[in-house]
Amino acid sequence: SGVAYLSLSYGLPFLAPKTGNIEELAMSSNYYIYESGDAADACDQLISILENLMLNIKIEEYLSYAENELSWTKIAKTHHHFYQKLAAIK
């Protein structure tokens with residue numbers, strides 16, 4: 001399906017039933033397939049998508065924190081400021 005290819009090209013998850021040759025796309029980690037007509041399996045796959053999205057959000061938040069707060073530039077500035085304070089005390 002064109003929708004499946006478009007979704008996957010943007011790195012978005014795609015949920016679809018096992019029908020026709022659509023399973024060929026399942027090689028992607030963002031492609032979730034369920035047994036056609038099995039609502040419980042579809043729900044399980046949807047839950048997997050949502051859990052993975054939440055994990056990705058947490059990872060992105062941590063990476064942003066690490067980039068902003070744990071960078072060598074930030075560490076150097078913090079130490080420089082600390083030593084300036086120590087020098088001012090004497």
Under the rule for side chain to side chain contact (heavy atoms under 4.5 Å, CB included), what residues qualify as partners of [X], not counting sequence neighbours?
X	answer
Gln84	His80, His81
Thr73	Ser71, Lys77
Tyr83	His79, Leu86

From CZ (Phe14) to CD1 (Ile33), nearest 0.5 Å: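 The distance works out to 11.5 Å.
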Members besides Trp72 in its Ile/Leu/Val/Met/Phe/Trp/Tyr cluster (side-chain heavy atoms under 4.5 Å):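 Other cluster members: Ile75.
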Can you give each donor-acceptor pair under 3.5 Å made by side-chain atoms of residues 36-47, sequence neighbours left out, with the distance rounded to 0.1 Å?
from	atom 1	to	atom 2	distance (Å)
Asp38	OD1	Ala40	N	3.2
Asp38	OD1	Asp41	N	3.1
Asp41	OD2	Glu35	N	2.7

